[in-house]
Amino acid sequence: MDKLKPFLEKHFGHTTFKEGQRQIIEAVINGEDVFAMLATGSGKSLCYQFPALWKKGTAIIVSPLLSLMENQVQELKQSGIRQAAAYNSFLSPPEKEHILRHLADYKIVYISPESLQHPEVASRLEKLNVSLLAVDEAHCISQWGHEFRTDYLRIKEIRRLAGNPPCIALTATASADAKKDIIEKLELTNPLVHCDSVDRPNIYIDVRKKKNEEEKRETLREECSRLPLPGMIYVNSRLKAEELAAFIREENGLKTSAYHGGMSNEDRRLVQQQFLNDEIDVICCTNAFGMGINKPNIRFVIHYHYSKDMESFMQEIGRAGRDGRQSLSLVLYDAADGMLPRRMLEHEFPSEEEIRMVSHDPDRPEWTTSRFLLERYGLEEVHARFLQFYIHKWYQSSRTQPLEDFISSVIQRRMEWKLQKLKQKEYWLHQKDRCRRTALLEVFDEHNKNIVTPCCDVCGEYTMHVYQQRKERESELSWEERLKWILHQ
DNA sequence: CGCAGCACTGCTATCAGTGCTGCGGTGCTATAGT
């Protein structure tokens, strides 16, 4: 007798499981660890929400963005699941205290990796019956955990503290390397591994080398005048995002907006909402834009600057064509583009001078805080947290080498790793004799490529059909929209 | 694999070349002050 289905219908209103869901849910219920790579829209959340409600105790869900947590809790509450909360800095101190005191009354609690590390939180979890620990958008562990948000690498410690509950890692895109890294960093034991294909057959992949920035802009202007809308343009600086938004607005008469981390929360929310409502034709953004965006009709993603590795690229182009209709990924690059990612890579780490200073300071307490490092040495915040994390790691280790050497070797290893990822990306851009899709999928350990037409610039030209769509769209418009469009021209 | 902006230099032009420096992305949190 199948008990899962009635439960599914009662709490989530579905009559059947989607591909893969059932197996994952059963594994979590049985106390197994899971690594799941599921395509967007295939019901990732259900994989932890179902077991969370099914099992006794409280499920802890680690989520990277406050906005994602808020959305999830809101959705749960709307579908009648009220014992859900997000524990984060949006809450006032009394509200936080209230949630912590009554943790056991909740079935699902969302939390950031940073908040998870708070001593009050950790000590509460120690006494709590944690039904499962889920890490949503788990690729963040591998993408952010080593340098930018090191608390991602400390999740396993809290997991141990909470009595080793079953752990489920969920993501839409993780390369073969990232998958290995995630499993290792979370200490998943014999996990059930479920991987959907990351291939997106309705996205045509195009790469074009340009002589210089001027040529890139020319191409941008041309493409924005004929590609179906809406679309996205990725750049690697905030200033450039603003600049290109203005450029396309002026040159093409399109509704554009920039989006980057330097904007206020209100502006970001507004722009995002306008884009989702089809009130913006082209959004020019840094990598701040994307996570949690589920807009079905994005027709193109142009990379005005290329992303730093293959999996960021996959994530970024994967935002196009969620509705299944023909879409386009276009990368424009020139010889000077390699400079910035290398500079940024170096800038991610503290300098040798800073490491020496910190390592040899006799006044530095053993369990130093990032705040201490920040104030005493005037380090950048990210560098201070990076150092704090690896200093602690050194104290936990056998300390066979001096602290300075330990940190330097970590940095060297990570730099080499990241540089190799960047080179892999550049190799992929430059090579002109292999199918781009085949080469892209190999990074994700997929070797049985489907025959896709149109596929990519190497397999064959494909432009006319795509451009045709814009014309079709324009003739579908109402007279008001058409008038607006004509006035723009 | 750059580029803009600045100070400096040589030696007297309000310049022309050189060389240095800074820039550049992702988000959480806590806390002080309106």
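Within every chain, numbering begins at 1; the chains are lettered A, B, ... in the order of the sequence lines, protein sequences first and strands thereafter.
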Please measure how far the [atom1] atom in [N] lies from the corresponding atom in [M], and state the result in whole Å.
N      : M      : atom1 : result
B:dA7  : B:dT29 : P     : 42 Å
B:dC6  : B:dG27 : P     : 31 Å
B:dT14 : B:dT9  : C1'   : 15 Å
B:dC11 : B:dA16 : P     : 16 Å
B:dT12 : B:dG17 : C1'   : 16 Å

For the pair made of [atom1] in [X] and [atom2] in [N], what is the distance, rounded to whole Å?
X        : N      : atom1 : atom2 : value
A:Met263 : B:dT26 : CE    : C1'   : 15 Å
A:Lys240 : B:dC3  : NZ    : C1'   : 11 Å
A:Phe389 : B:dC28 : CZ    : P     : 19 Å
A:Asn212 : B:dG2  : CG    : P     : 13 Å
A:His347 : B:dG22 : NE2   : P     : 12 Å
A:Ile141 : B:dG27 : CD1   : P     : 18 Å
A:Leu68  : B:dG27 : CG    : P     : 11 Å
A:Asn236 : B:dC23 : CG    : P     : 16 Å

Determine which nucleotide pairs with [N], using a 3.5 Å limit on both distances of a Watson-Crick or G-U wobble pair.
N      : result
B:dG22 : B:dC3
B:dT29 : none
B:dT9  : B:dA16

Using a cut-off of 4.0 Å on non-hydrogen atoms, how would the nucleic acid contact of [X] be classed: base, sugar-phosphate, or nothing?
X        : value
A:Arg238 : sugar-phosphate
A:Arg268 : sugar-phosphate
A:Pro341 : nothing
A:Glu348 : base
A:Glu381 : base
A:Ala335 : base
A:Asn88  : sugar-phosphate

**Q.** Position toward the 5' end of DNA chain B (nearest nucleotide), A:Arg342 or A:Gln143
**A.** A:Arg342
Name the closest nucleotide to the [X] side chain, picking from [options].
X        : options                : value
A:Arg149 : B:dG25, B:dG2, B:dG27  : B:dG27
A:Lys96  : B:dA30, B:dG27, B:dG25 : B:dA30
A:Trp144 : B:dC28, B:dT26, B:dG2  : B:dT26
A:Phe148 : B:dG2, B:dT26, B:dA30  : B:dT26
A:Leu66  : B:dG25, B:dG27, B:dT29 : B:dT29
A:Ser237 : B:dT29, B:dG24, B:dT26 : B:dG24

[Y]/[X] salt bridge by N-O under 4.0 Å criterion:
X        : Y        : result
A:Asp33  : A:Arg159 : yes
A:Arg414 : A:Glu348 : no
A:Glu381 : A:Arg385 : yes

Q) Is any side-chain heavy atom of A:Val271 closer than 4.5 Å to a side-chain heavy atom of A:Met263? A) yes
(Q) Within the structure provided, determine whether A:His303 and A:Leu332 are in side-chain contact (heavy-atom separation under 4.5 Å). (A) no
Q: Compare side-chain N and O positions of A:Ser89 against OP1 and OP2 of B:dT29 and report whether any pair is under 4.0 Å apart.
A: yes
Q. Just to confirm, is there a sub-4.0 Å distance from OP1 or OP2 of B:dT29 to any side-chain nitrogen or oxygen of A:Ser112?
A. yes
Q. So with a 6.0 Å cut-off around CZ of A:Arg269, is the heavy-atom count from everything else above 12?
A. no
Q. For A:Met37, which of A:Ile182, A:Val198, A:Leu170 qualifies under side chain to side chain contact (heavy atoms under 4.5 Å, CB included)?
A.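 Answer after filtering A:Ile182, A:Val198, A:Leu170: A:Val198.
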